[in-house]
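For reference, the structure discussed in these notes is given below.
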Amino acid sequence: MITVFLDSNVLISALIGSAHSAPVVLVDWLAVNPAVALITGRCCIQEVENNLARKLPRAQPLWQQFVSASGIHIVPCPRKSVTGINAKDAAIVAAAVSAFATHFVAGDKRLLAEMRAAKSKLPPALTPREMLEVLLTQR
């Protein structure tokens, strides 16, 4: 079973992106594929909701529908340090590790670079487009 952890920036991009953007296509595909578990951290959900409240308050109902329709499983974000990951993102990465994510998808280039360079055992860090390529090659 593939378990894909989505960072908050991917969730926002999937919510407001164009229909053919990689985050939208990825989340749409993951939401209907029974062989893939879709997860995110409570801290990612809170970050999305805080950003929407500040920048797009009218999108809140759409966001709630999106969370329900996607079937995404929300996991706790433990306050742990993760070697090689900046303090701001450590809880997000710890959530993915604690949830046994097989893949971590983010659009944050700095976080992706940190995860790829980390010495500790972390799930592969991919962009939405890279995750789509992985999924398509496994078919």
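Keep in mind the model is a prediction, meaning the values are calculated, not measured.
- Residues Asp7 and Leu111 are in side-chain contact: their nearest non-hydrogen atoms beyond the backbone lie under 4.5 Å apart.
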- Going through the checks in order, is the salt bridge (charged side-chain N to carboxylate O under 4.0 Å, His left out) test met by Glu114 and Arg110? CA-CA 6 Å; Glu114 287 176 0; Arg110 180 190 41 77; 3.4 Å; yes
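- Cys77 has its SG atom at least 2.5 Å from the SG atom of Cys44.
- Here the closest heavy-atom approach between residue Ser18 and residue Val24 is recorded as O-CG2, 3.3 Å.
- Tested against Leu26 for a side-chain contact (heavy atoms from CB on, under 4.5 Å), the candidates Thr127, Leu38, Leu135 yield a single pass: Leu135.
- Atom CG of Leu62 sits about 4.5 Å away from atom CG of Leu15, to the nearest 0.5 Å.
- The cluster map of Ile, Leu, Val, Met, Phe, Trp and Tyr, joined by side-chain heavy atoms under 4.5 Å apart, puts Ile45 and Leu30 in the same cluster.
- There is a path of hydrophobic side-chain contacts, each under 4.5 Å, that joins Leu6 to Met131.
- Hydrophobic clustering (side-chain heavy atoms under 4.5 Å, transitive across Ile, Leu, Val, Met, Phe, Trp, Tyr) groups Phe66 together with Val105.
- Looking at every heavy atom in both residues, Pro128 comes nearest to Ala106 through CD-O, 3.7 Å.
- One distance of note links CG of Asn50 with SG of Cys43; it measures 11.5 Å at 0.5 Å rounding.
- With rounding to the nearest 0.5 Å, the separation of OG in Ser8 from CD in Glu49 is 11.5 Å.
- Put simply, Leu126 and Ile72 are part of the same group of oily side chains (I, L, V, M, F, W, Y) that touch within less than 4.5 Å, one to the next.
- Between Ser120 and Thr83, the shortest heavy-atom distance links the atoms OG-O, 3.6 Å.
- The minimum heavy-atom distance linking Pro34 with Val32 is given by the pair CD-O, 3.3 Å.
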- Item | salt bridge (charged side-chain N to carboxylate O under 4.0 Å, His left out) between Glu130 and Arg116, worked out | CA-CA 14 Å; Glu130 292 167 336; Arg116 291 171 179 164; 2.7 Å; yes
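- With rounding to the nearest 0.5 angstrom, the CD atom of Glu47 is 9.5 Å from the CG atom of Leu11.
- A donor-acceptor pair under 3.5 Å is formed between the side chain of Thr102 and the backbone N or O of Thr3.
- Between the side chain of Ser21 and the main chain of Gly17, no donor-acceptor pair closer than 3.5 Å is present.
- Looking at Val48 and Gln46, their side chains never come closer than 4.5 Å, going by heavy atoms from C-beta outward.
- No option in Leu56, Asn51, Leu52 other than Asn51 meets the side-chain contact (heavy atoms from CB on, under 4.5 Å) test with Arg54.
- One hydrophobic cluster, built from ILVMFWY side chains closer than 4.5 Å, cannot hold both Val134 and Phe5; they sit in different ones.
- When all heavy atoms are compared, the tightest approach of Ala53 to Gln60 is N-NE2, 3.5 Å.
- Between the side chain of Asn9 and the backbone N or O of Gly107 there is at least one donor-acceptor pair closer than 3.5 Å.
- Exactly one of Val82, Asp108, Asp89, Leu122 qualifies for a side-chain contact (heavy atoms from CB on, under 4.5 Å) with Met115. That residue is Leu122.
- In plain terms, the two heavy atoms of Pro61 and Pro57 that are nearest each other are CD-O, 4.5 Å.
- Just one of Val10, Ile92, Val97 meets the side-chain contact (heavy atoms from CB on, under 4.5 Å) condition when paired with Phe104; it is Ile92.
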